[in-house]
Protein chains: 2
Amino acid sequence: MNTIINTINNRISLRKYRDQDIADKDLDTIIHSAMRAPTAGNMMLYTILVIKDQHTKEQLVKSCDHQPFIAKAPVVLVFLADHQRWYDYYTYCQVKDYCRDNGIDYEEPCEADLLLAASDALIAAQNAVIAAESLNIGSCYIGDIMENYEFHRDLFHLPQWTFPVAMLTLGYYPEDMPRTPRERYAKDYIVFNETYKRLSDEALRDMFAKNDNKISPTNHYHANNFGQFMYGRKTGAEFSKEMRRSVKEALKNWK
Amino acid sequence: MNTIINTINNRISLRKYRDQDIADKDLDTIIHSAMRAPTAGNMMLYTILVIKDQHTKEQLVKSCDHQPFIAKAPVVLVFLADHQRWYDYYTYCQVKDYCRDNGIDYEEPCEADLLLAASDALIAAQNAVIAAESLNIGSCYIGDIMENYEFHRDLFHLPQWTFPVAMLTLGYYPEDMPRTPRERYAKDYIVFNETYKRLSDEALRDMFAKNDNKISPTNHYHANNFGQFMYGRKTGAEFSKEMRRSVKEALKNWK
């Protein structure tokens, strides 16, 4: 197994960091690696915000579902899907006039543009994750950055055609950190040849059997099985409801 | 510079492949690496379709903006944002009854769920890209998979709560392939400390100056500058219009 595969296999989502700032040269390498990621039409439809300010990190603890470890990460990176830069450039280049003179519809960014820019941002973010791992810097994605859109918009001064789609906490792995990558579901249920295979009840039961066996009869969510447990804990939880509201609000900018 | 950073720096979007099937063990390693990617709540909200069928690849040439090299890639991977599996499991687990009995709203997947699943899918895709590079297998993202939603839905038998958000072509690098990674815009315009910085006209001019200088007065798009050129070639082109239509259509499933 080569170094890269090994690094990918040993990565964990790190929520506890060595008490040490990230060296400038390491952070530069991580950012540079993110910027080397593939990007649609070489347009770089994303922006990276580098957050070190302690007060801002403490705000993010609250706005991202109350996760105190965020404030203990020496660096937080926020990845914005970003069409603002290009549309500002289009304005500067008088693209509306160009469109009128050439019989082209001038269209403002809409949902597809958000998805394409979000793709660019996430692909760049994952390059940052892998680059960080190679420097013994661990990371954790905070999906909750998609919640509380209005708050994050004001906190980061975000213009209309940007959206914070991913956030990474970064910090060196503590000494002697045990690394136990979490088990994944089996490939049979995730990877299909040629066409989609909708899972039968039997397949679903088998896929989740191990998890189902671990559900305590006195669990916090009053769930009778793993599906109910995950709905109570994740999909139906307050943070998920907030994410649905927040994204609906943000999408109003992209129509 | 370590091996991983080196690999990230030398990656190019590869559109020409050695005439050689991908070894099963290499493909397994790529898929396994994708599945080791971080995933929200360990839910793996994605599905990977492995496409080797020549007829399907030829269909994708047409549906993805007429790019013949797609059919020459020995393997194509389609990454679906996928909530179908979990919602099928929730049905199997009688989650609706659980919600009613516990005063929880039962909500079907909506826009935020699509974005979260798309994030999972893209993060996994980029792990696949990096793993492939480490095996001398090049790749190219085909964003056009977000076009022609209805066609791809039928081609891959996609149920309601899945969406094809990314596609990768894969193949070994040809022998003696020169690798010239494309230049990126400067960090000053892409990475900001703490808060967003909207670029001034001067900054926009400087950011794109090199590209602007390369625009031929007789260019195909009748553009007077780089902004007009890119709007004509990318943002305002037919494939972009189709992507906007397609994503709007697909989003009807997620409301």
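Residue numbers begin at 1 in each chain, while the letters A, B, ... track the order of the sequences.
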Practice task
Take B/Asn10 and B/Glu133 through the test side chain to side chain contact (heavy atoms under 4.5 Å, CB included) and record every step on the way to the result.
Solution key: CA-CA 9 Å; B/Asn10 286 323; B/Glu133 287 291 320; 6.0 Å; no
Exercise for the section: Using the side chain to side chain contact (heavy atoms under 4.5 Å, CB included) rule, take A/His32 and B/Asn9 through it: C-alpha gap first, then chi angles, then the decisive distance, then the call. Expected result: CA-CA 9 Å; A/His32 178 81; B/Asn9 280 337; 3.2 Å; yes
Problem - Steps toward side chain to side chain contact (heavy atoms under 4.5 Å, CB included) verdict (B/Asp26, B/Asn136) - result: CA-CA 10 Å; B/Asp26 285 350; B/Asn136 198 33; over 6 Å; no
Practice task
Would you sort out whether B/Phe163 and B/Leu80 count as a side chain to side chain contact (heavy atoms under 4.5 Å, CB included), showing the intermediate values?
Solution key: CA-CA 5 Å; B/Phe163 178 73; B/Leu80 309 173; over 6 Å; no
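A parallel orientation is assigned to the rings of B/Phe226 and B/Phe229, their planes being inclined by less than 30° (bins at 30° and 60°). Using cut-offs of 30° and 60° on the angle between ring planes, the pair A/His152 and A/Phe156 is parallel. Ring-plane geometry between B/Tyr90 and B/Tyr87 is classed as perpendicular, the angle between the planes exceeding 60 degrees on a 0 to 90 degree scale with a lower cut at 30.
Using a 4.5 Å cut-off between heavy atoms, B/Lys248 touches chain A through its side chain atoms alone. Both the backbone and the side chain of B/Asn127 come within less than 4.5 Å of a heavy atom of chain A. Contacts of B/Asp101 with chain A are absent, with no heavy-atom separation under 4.5 Å from either backbone or side chain. Using a 4.5 Å cut-off between heavy atoms, B/Thr162 touches chain A through its side chain atoms alone. The contact between A/Tyr141 and chain B is made entirely by side chain atoms (from C-beta outward), counting heavy-atom distances below 4.5 Å. Looking at A/Met35, the atoms closer than 4.5 Å to chain B (heavy atoms on both sides) sit in the backbone and in the side chain alike. B/Tyr185 touches chain A through backbone and side chain together, each having a heavy atom under 4.5 Å away. In this structure, the portion of B/Asp212 lying under 4.5 Å from any heavy atom of chain A is its side chain and not its backbone. Contact annotation for B/Ala237: neither backbone nor side-chain heavy atoms come within less than 4.5 Å of a heavy atom of chain A. For a residue to count as touching a neighbouring chain, one of its non-hydrogen atoms must lie under 4.5 Å from one of that chain's; by this rule A/Ile31 touches chain B with the side chain only. Heavy atoms closer than 4.5 Å to chain A are found in both the backbone and the side chain of B/Tyr231. Contact of B/Asn102 with chain A is made through the side chain alone, with heavy-atom distances under 4.5 Å. The part of B/Arg198 that comes within reach of chain A is its side chain, from C-beta onward, which places non-hydrogen atoms under 4.5 angstrom from that chain. Both the backbone and the side chain of B/Lys52 have a heavy atom closer than 4.5 Å to some heavy atom of chain A. With a 4.5 angstrom heavy-atom cutoff, B/Met207 touches chain A only via side-chain atoms. For B/Asn225, the part lying near chain A is the side chain, with the backbone staying farther off; criterion is any non-hydrogen pair under 4.5 Å. Only the backbone of B/Ala186 comes within less than 4.5 Å of a heavy atom of chain A; no side-chain atom from C-beta onward does.
No more than 12 heavy atoms of other residues, nucleotides or ligands sit less than 6.0 Å from atom CD of A/Glu183.
The greatest number of non-hydrogen atom pairs below 4.5 Å with chain B, out of A/Gly41, A/Gly236, A/Ala40, A/Ser119, is found for A/Ser119. Chain B forms more heavy-atom pairs under 4.5 Å with one residue of A/Asn224, A/Leu251, A/Ile51 than with any other, namely A/Ile51. Comparing A/Asp82, A/Thr91, A/Asp97 by heavy-atom pairs within less than 4.5 Å of chain B, the highest count is held by A/Asp82. Per-residue heavy-atom pair counts under 4.5 Å with chain B were compared for A/Val247, A/Leu204, A/Ile123, and the maximum is reached by A/Ile123. Each of B/Asp105, B/Thr7, B/Leu158, B/Thr29 has some count of heavy-atom pairs under 4.5 Å with chain A, and the biggest count is that of B/Asp105. With chain A as partner, the option from B/Met43, B/Met1, B/Glu147, B/Lys197 having the largest number of non-hydrogen pairs under 4.5 angstrom is B/Met43. Counting heavy-atom pairs closer than 4.5 Å to chain A, the top-ranked of the candidates B/Ile104, B/Ile5, B/Leu199 is B/Ile5. Each of B/Arg244, B/His157, B/His83 has some count of heavy-atom pairs under 4.5 Å with chain A, and the biggest count is that of B/Arg244. Ranked by non-hydrogen atom pairs under 4.5 Å with chain B, the options A/Gly143, A/Ala131, A/Ser240 are led by A/Ala131. With respect to chain A, the highest number of heavy-atom pairs below 4.5 Å among B/Ala223, B/Pro159, B/Gly232 belongs to B/Pro159. Interface check for chain B: of the options A/Arg205, A/Gln94, A/Lys234, A/Lys255, the most heavy-atom pairs under 4.5 Å are formed by A/Arg205. Interface check for chain A: of the options B/Ala37, B/Ser139, B/Ala112, B/Ala118, the most heavy-atom pairs under 4.5 Å are formed by B/Ala112.
Shown here for A/Tyr189 and A/Ala203, the closest heavy-atom pair between the two residues is CE2-O, 3.7 Å. The nearest pair of heavy atoms linking B/Ala81 to B/Val165 is N-CG1, 4.3 Å. Nearest approach of B/Phe192 to B/Thr195, heavy atoms of both residues: CB-O, 3.4 Å.
In summary, the side chains of A/Asn42 and B/Arg184 do present a donor paired with an acceptor at a separation below 3.5 Å, with no hydrogens or angles considered.
Remark: side-chain polar atoms of B/Arg36 are not paired, donor with acceptor, to backbone N or O of A/Pro181 under 3.5 angstrom.
Considering B/Leu49, B/Thr47, B/Thr56, B/Leu155 in turn, B/Leu49 is the only one that fulfils the side chain to side chain contact (heavy atoms under 4.5 Å, CB included) rule with B/Val78.
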